[in-house]
Amino acid sequence: MAGGREAVSASHITALRFLLFYLLFAICSTHAAVPVLDSLYPAGGQAGTTLTVTTSGKLDPWPVKVWTDTPGLIFTPEKAANTFTVKIAGDLAPGVHQVRFYNDDGASSVRAFLVGTVPEIAEKEPNDSFKQAQVIEKLPVIINGRLDKSGDVDSYAVKLEAGKWLVAAVDGYGLGSPIDPFLHLLDADGHRLAFANDTANFDPLLAWKVAKSGTYILQIAAFVHPPAADIRFAGSASSVYRLTITEGPYVGHTFPSGARRVQKTVVQLIGWNLPAETAELDLTAETTADHFDYRAPGAGKPVQLPLGGDPEVTEKEPNNKPAEAQKVTPPCVVNGRIQPAGDVDRFSFAAKKDERFEFRVRSIELGFLLDTVLAVEDSTGSRLARNEMRGESITDPKLSWTAPSDGTFIVSVADLEHRGGPDYVYRLEISHPEPDYTATIDNQSYRLEVGKTVEMKLNLNRLNGYKGKLAADIKGLPAGVSVKGDDLADKGGEVKLVLTAAEDAAPFSGPIQVVIVPAPGKDGKSRIASFVLKDKDAPGDLLLNETTNAWLTVNAMLVPEEKKKKKK
């Protein structure tokens, strides 16, 4: 009997040890929740200020760590969950910056944070009715607001001076908020004077000339996006917006809307309340940049001008008829406008038999309204090739074409619906196809446990017969993490790269970049593969369409006993 009791006692002890080990293993191998960031509020701030930012989403356990794309933007977690003190350096460049939250187990999606140059204030409720409108004491101003409940309407009262233009612009959809916003302008008695909804994306811009000095009411509301079955005003914790209001200078765009690198150029300023009609841009230092941010006067956002290396040509009327076609010499970039409604712009060029050309229009991607019809014609106007983007166009057309014979040909640009006006601006690039390539990755963050692997899919798009040998170099990989995978030297399409963490790899959280490098001595430049944040079927651009800053998390999750078992 005594032996039986000893056996039972030993069995219990063994079970207890097993249970303790199991609990220890569970504790050691528990994953924290990967941060989920739905919105930042406010979603930006003025350079040189310090503010409090709250978030919607799940940031457990608290506090989380924060990465930004610049040392001039510092997020410090507060004791209260989902709350940060944000310090913005006085010399931080205005525009869009990237923010990401992370912990030991992973990282959130990257979000846009806007830095501006004019004073900013916060929305104050209640302000649903025009009779409850929040009084705005001074312009220009950026109001950080949130449509935080279903049916929400935010109202703001502003005093305006006769003869000036009121300009009000919203960033909401562009921030990634799930809204399709619109603006109403009312008089002090609540009568509607003006309305604005979509521009190049779903965010509105309202410009209205003030006929009589007095107090006016701006109201913002929104429908949910993507659209829901029930039609009502949207509201949620993530329905964040930034409303710019000014009766001072506001530059909407320039004409030409782009320029040639390494030279000085004069552009016409298009906007409201402008002190000058033109501006001289010094691009002599822009040797490799693909765009130039013009810091326009006033409250507007920086105007981004694409840069190229080919000669720039300005469209000249009349050029509607084939016999009036403006002569150009490829390669070149033509800056034009479809104005007035029904306008057709034609450009003639000489070609040799079997000479290849590529025609590309940029309008929608630059924020303009042209729904382009792009065509190639013979010298009499008979159509040889055509491309157009119908309906809610989300990309501009391009057309590859080979000359059937020696002769003079015409490329034409028009609007699909025969519309036109000062905002129907385009850049027509006429070139000979050059071999090139682009690269994207399948995710913006990757999680890797020690002793294991994770697969990264790289999409390599070789354009116009690019045959150069390529290689991938991942910058920022920590010690103990290696990369192998498909040889992409001569490959296109999907390429698999495999990241492996050694058994003794230390925990790591940080940004990485996938750099595609041409073979030494070969033509072409290195490119950083990007992750596309914007849905390919979504209309219009976001303020942050893509990022080249991917994220890697390495977890040392296995307890020592389990590591020993794996080695055996």
Side-chain angles (χ1 to χ4, degrees), residues 35-47 49 51-57 59 64 66-75 82 84 86-89 92-102 107-118 120 122 142-147 169-181 199-205 222 225 236-244 291 293 295 299-304 365-367 443-445 511 513 528 530-536 538-551:
V36 176
L37 177 61
D38 292 330
S39 69
L40 299 166
Y41 179 73
Q46 183 183 9
T49 63
L51 61 151
T52 299
V53 171
T54 59
T55 67
S56 65
L59 303 182
V64 295
V66 189
W67 170 88
T68 67
D69 64 357
T70 171
L73 181 61
I74 301 173
F75 278 66
N82 294 1
F84 299 84
V86 178
K87 185 176 182 180
I88 308 173
L92 186 57
V96 180
H97 293 276
Q98 298 179 37
V99 178
R100 192 192 296 273
F101 297 159
Y102 66 99
S108 71
S109 298
V110 70
R111 300 290 297 196
F113 187 88
L114 272 66
V115 173
T117 58
V118 302
E120 303 200 7
I142 294 175
I143 303 171
N144 290 284
R146 177 162 49 197
L147 300 168
V170 175
D171 287 314
Y173 172 83
L175 288 169
S177 298
I179 54 174
D180 177 0
T199 51
N201 62 20
F202 284 138
D203 286 330
L205 184 149
H225 183 81
S236 68
S238 57
S239 297
V240 173
Y241 65 84
R242 286 166 61 82
L243 171 60
T244 300
H291 71 274
D293 284 338
R295 310 296 177 185
K301 295 191 291 288
V303 179
Q304 190 174 92
E365 72 176 67
L366 300 179
N443 213 328
Q444 59 172 309
S445 61
Q513 291 186 324
I528 304 175
S530 63
F531 175 76
V532 179
L533 298 162
K534 176 180 175 290
D535 190 315
K536 66 177 181 179
D541 278 347
L542 303 175
L543 293 168
L544 184 60
N545 287 311
E546 62 182 19
T547 181
T548 57
N549 295 299
W551 195 266

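It should be emphasised that the depicted structure is a prediction, and the values quoted were computed from it without experimental measurement.
- Atom CG of N545 is separated from atom CG of L533 by 7.5 Å, given to the nearest 0.5 angstrom.
- Taking NZ of K534 as the start and CG of L542 as the end, the distance is 6.5 Å to the nearest 0.5 Å.
- Interatomic distance, NZ of K87 versus CG of L51, reported as 12.5 Å (0.5 Å rounding).
- With hydrogens and angles ignored, the 3.5 Å screen pairs no side-chain donor or acceptor of R100 with any backbone N or O of P511.
- Taking the side chain as every heavy atom from C-beta outward, T55 and F84 approach each other to under 4.5 Å.
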If you apply the rule side chain to side chain contact (heavy atoms under 4.5 Å, CB included), what do you find for V170 with L243, and how did you get there? CA-CA 5 Å; V170 175; L243 171 60; 3.7 Å; yes
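- Side chain of T68 to main chain of L73: a donor-acceptor pair is present (N/O by atom type, distance under 3.5 Å, no hydrogens or angles).
- Between atom CG of residue D38 and atom OG of residue S177 there is a gap of 10.0 Å, rounded to the nearest 0.5 Å.
- Closest of all the heavy-atom pairs between N201 and G174 is ND2-CA, 4.3 Å.
- Across every non-hydrogen atom of E120 and Q46, the tightest pair is OE2-N, 3.4 Å.
- The minimum heavy-atom distance between Y41 and N144, with the atom names listed, is OH-O, 3.0 Å.
- Across V96, L543, L544, a single residue satisfies side-chain contact (heavy atoms from CB on, under 4.5 Å) together with L175, and that is L543.
- Nearest heavy-atom pair, L37 versus R111, reported as atom, atom and distance to 0.1 Å: CD2-CG, 3.1 Å.
- In this structure a side-chain-to-backbone donor-acceptor pair under 3.5 Å is present from D203 to G172.
- Between H225 and Y173, the angle of the ring planes goes over 60°, which puts this pair in the perpendicular group of the 30/60° scheme.
- Counting heavy atoms from C-beta outward, T70 and F113 have side chains that stay 4.5 Å or more apart.
- Taken to the nearest 0.5 Å, the NE2 atom of H291 stands 12.0 Å off from the CG atom of L366.
- The minimum heavy-atom distance between S56 and S39, with the atom names listed, is OG-OG, 2.6 Å.
- Of the candidates D293, V118, T117, L114, T117 is the only one forming a side-chain contact (heavy atoms from CB on, under 4.5 Å) with P94.
- In this structure, P181 and P204 approach most closely via the heavy-atom pair O-CD, 3.5 Å.
- Interatomic distance, I142 CD1 to R242 CZ, rounded to the nearest 0.5 Å: 4.5 Å.
- Contact annotation: the side chain of V99 approaches that of V66 to within less than 4.5 Å [non-hydrogen atoms, C-beta and beyond].
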Checking T547 against Q444 for the side-chain hydrogen bond (donor to acceptor under 3.5 Å, both in side chains) test, could you report, in this order, the C-alpha distance in whole Å, the side-chain angles of both residues, the deciding distance, and whether it holds? CA-CA 8 Å; T547 181; Q444 59 172 309; over 6 Å; no
